[in-house]
Colleague: 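Structure incoming, see below.
Here is how names work: the chains are called A, B, and so on, in the same order as the sequence lines, proteins then strands, and each is numbered from 1. Any value given below was found using the heavy atoms of this structure, including those in side chains, with hydrogens, waters and symmetry copies removed.
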2 protein chains.
Amino acid sequence: MERIPKRQRHQQLSRLIEENPFLTDRELTRQLKVSIQTIRLDRLELAIPELRERLKMMAERSYDPVRSLPLHEVIGDIVDLQLDKSGISIFEIREEHVFSRSGIARGHHVFAQANSLAVAVINDEIALTASADIRFIRPARLAEKCIAKAYVRSSGAVKGKAKVEVFTYVGEEMVFQGNFVIYRSAGDSEHEGGGSH
Amino acid sequence: MERIPKRQRHQQLSRLIEENPFLTDRELTRQLKVSIQTIRLDRLELAIPELRERLKMMAERSYDPVRSLPLHEVIGDIVDLQLDKSGISIFEIREEHVFSRSGIARGHHVFAQANSLAVAVINDEIALTASADIRFIRPARLAEKCIAKAYVRSSGAVKGKAKVEVFTYVGEEMVFQGNFVIYRSAGDSEHEGGGSH
DNA sequence: ATTGGTTTAATACCTGGTGCCAAAGAGAGT
DNA sequence: ACTCTCTTTGGCACCAGGTATTAAACCAAT
């Protein structure tokens with residue numbers, strides 16, 4: 001029995017499940033060539049829950065009633081959201097986002113993160129980007145984590161327009177800055193606490 | 001036995017599961033005050049899958065956006081391209097591009113089309129968006145075909161920056177307008193045809 | 001009273017596991 | 001060689017949350 005293979009197997013197991021969380025233990029035995037008991041001991045050690053628990057967690061994450069906004073259509077993970085005030089989202093640059101030649105992110109992905117966040121932070125039934133003035137300060141590269149911070153500068157709940165400023169950072173460095181003007185469906189926002197159902 | 005309650009119960013059942021897909025049949029019996037067999041017959045009639053299938057479907061739906069992410073390479077079909085002069089691309093607004101609530105396209109998709117075109121029209125090894133000033137003139141809707149036209153206003157092959165103006169139309173109506181400043185890798189444009197494979 | 005839609009019950013079986021215990025295998029130390 | 005320990009495998013009971021099927025009970029109208 002080789003002592004090394006165990007850790008290797010643990011790594012492989014983690015990787016396999018990460019890239020396909022829908023695998024049953026039985027399917028994993030085929031890929032790793034060990035018994036199903038070993039797979040289960042491994043999951044135990046690695047604290048990887050069973051298939052059904054994984055699916056449930058995924059379903060819950062995508063369902064989350066708190067974030068009633070259409071979040072899965074949003075680019076980037078919104079990790080903090082104070083409606084009509086500010087918000088933060090994280091977006092990791094991956095293979096599919098970059099020019100293969102240079103490894104530099106295509107501008108519209110960085111824009112999409114900022115735009116999604118700017119729209120999400122507006123507390124309204126319908127919010128649409130009206131215009132934007134944006135600057136790409138330095139390129140974002142493959143594997144970098146872009147952290148976008150949005151601040152609502154003038155919510156204009158009555159006027160029907162809100163100004164949102166977004167700054168995107170990689171570490172300490174700013175990579176993107178944008179000023180968004182967002183249309184809002186004017187009226188049912190923080191108008192009063194209660195109006196809508 | 002009342003004949004009405006059955007249809008009412010079906011409606012209630014559908015509503016309950018819609019607003020909380022995580023309910024087991026056993027939990028549903030408590031809420032509807034009928035036996036578990038009745039619940040199961042009802043689900044059968046209404047073609048509502050069992051809890052685990054529901055969770056799996058939700059998990060799958062929230063999982064595949066990673067692979068089927070629409071924002072891949074160039075957004076829109078480039079149908080005409082005169083390098084360093086002008087270009088045209090067509091992009092059809094589909095389900096995955098709109099707010100499900102309103103059927104209006106998310107701004108970053110319309111931007112992505114324009115941005116892709118602005119970058120493509122620049123005849124250079126590496127071209128990156130430096131900044132942009134954009135306006136969403138009217139919303140683009142589901143199933144509409146967006147036609148973007150880009151014009152290079154100052155190619156500045158030596159300077160390292162180019163200005164590109166993009167107009168996007170649906171039919172006769174303009175939906176988007178943007179002024180892009182594109183960085184170019186200054187010099188090695190069509191320097192000569194060959195370099196890279 | 002018989003028929004028919006509806007509801008409930010009972011039972012066998014399924015998947016994808018957990019939990020536990022025992023046995024076998026593989027070194028490493030003495 | 002023998003022992004000790006870690007790892008792997010196997011077997012069995014059990015669980016949730018079902019499906020599928022058959023049978024019985026309920027209720028009401030013809």
Colleague: Write down the distance between CD (B:E53) and C1' (D:dG17), rounded to a whole number of angstrom.
Modeller: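 The distance from CD of B:E53 to C1' of D:dG17 comes to 12 Å, rounded to the nearest Å.
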Colleague: Let me know the distance between CZ of A:R40 and C1' of C:dT15, rounded to the nearest Å.
Modeller: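 Distance, rounded to whole Å: 10 Å.
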Colleague: Do A:R52 side-chain and C:dG17 base share a donor-acceptor contact under 3.5 Å?
Modeller: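 Side chain to base: no pair below 3.5 Å.
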Colleague: Could you tell me the separation between the OH atom of A:Y169 and the CD1 atom of A:I88, rounded to the nearest 0.5 Å?
Modeller: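 That separation rounds to 10.5 Å.
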Colleague: Please report, rounded to the nearest Å, how far the C1' atom of D:dA16 is from the CZ atom of B:R26.
Modeller: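 Those two atoms, CZ and C1', are 8 Å apart.
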Colleague: Report yes or no: is the cationic atom of B:K56 (NZ for Lys, CZ for Arg) closer than 6.0 Å to the six-membered ring centre of A:F22, at no more than 45° off its axis?
Modeller: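 No - B:K56 does not lie over the ring of A:F22 by the 6.0 Å and 45° rule.
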Colleague: How is A:R54 classified with respect to the nucleic acid when contacts are heavy atoms under 4.0 Å: base, sugar-phosphate, or nothing?
Modeller: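 The residue A:R54 makes no contact with any strand.
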Colleague: Is it the case that more than 12 heavy atoms not belonging to B:E19 sit under 6.0 Å from its CD atom?
Modeller: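 Enclosed.
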Colleague: Of the candidate nucleotides C:dT18, D:dG10, C:dT15, which contains the atom at the shortest distance from the side chain of A:D25?
Modeller: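 So the side chain of A:D25 is nearest to C:dT18.
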Colleague: Determine which bases of DNA chain C form Watson-Crick or G-U wobble pairs with both distances under 3.5 Å, and write the result as a 5' to 3' dot-bracket string with | for other-strand partners.
Modeller: ||||||||||||||||||||||||||||||
Colleague: Could you tell me how far apart B:L41 (CG) and C:dT7 (P) are, to the nearest whole angstrom?
Modeller: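 My rounded result for the distance is 9 Å.
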Colleague: Rounded to whole angstrom units, what separation is found between the CD atom of A:Q8 and the C1' atom of D:dT7?
Modeller: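 Checked: the CD to C1' distance equals 16 Å.
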Colleague: Picking from C:dT8, C:dG17, D:dT19, which would you name as closest to the side chain of B:E50?
Modeller: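 Output: D:dT19.
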Colleague: Is it true that A:E144 and A:R138 make a salt bridge, defined as a side-chain N closer than 4.0 Å to a carboxylate O?
Modeller: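 A:R138 and A:E144: salt-bridged.
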Colleague: Please check the phosphate of C:dT7 (OP1 and OP2 only) for any side-chain N or O of B:R9 closer than 4.0 Å.
Modeller: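 Yes, because at least one side-chain N or O of B:R9 sits under 4.0 Å from OP1 or OP2 of C:dT7.
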Colleague: Are A:K161 and A:Y183 close enough, and set up right, to give a side chain to side chain contact (heavy atoms under 4.5 Å, CB included), and what steps lead you there?
Modeller: CA-CA 5 Å; A:K161 280 189 184 180; A:Y183 273 123; 3.4 Å; yes
Colleague: For B:D42 and C:dG5, what is the distance between atoms CG and P respectively, to the nearest whole Å?
Modeller: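 Going from CG in B:D42 over to P in C:dG5 covers 17 Å.
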Colleague: Donor-acceptor pair, distance only, cut-off 3.5 Å: does the side chain of B:E27 make one with the backbone of B:T24?
Modeller: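 Checked: pair present.
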Colleague: What integer distance in Å separates B:I17:CD1 from D:dG17:C1'?
Modeller: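 About 13 Å, once rounded to whole Å.
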Colleague: Given atom NZ of B:K33 and atom P of C:dT8, what is their separation to the nearest angstrom?
Modeller: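 It is 13 Å, rounded to the nearest whole Å.
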Colleague: Please confirm whether the shortest side-chain N or O distance from A:T38 to OP1 or OP2 of D:dT8 is below 4.0 Å.
Modeller: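 For D:dT8, neither OP1 nor OP2 has a side-chain N or O of A:T38 closer than 4.0 Å.
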Colleague: If you assign each of A:Q37 and A:L51 to its closest nucleotide in DNA chain C, which residue comes earlier from the 5' end?
Modeller: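 With A:Q37 and A:L51 compared, the 5'-side residue is A:L51.
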Colleague: Should the pair A:F111 and A:F180 be assigned to parallel (<30°), tilted (30 to 60°) or perpendicular (>60°) ring geometry?
Modeller: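 It falls in the tilted class, 30° to 60°.
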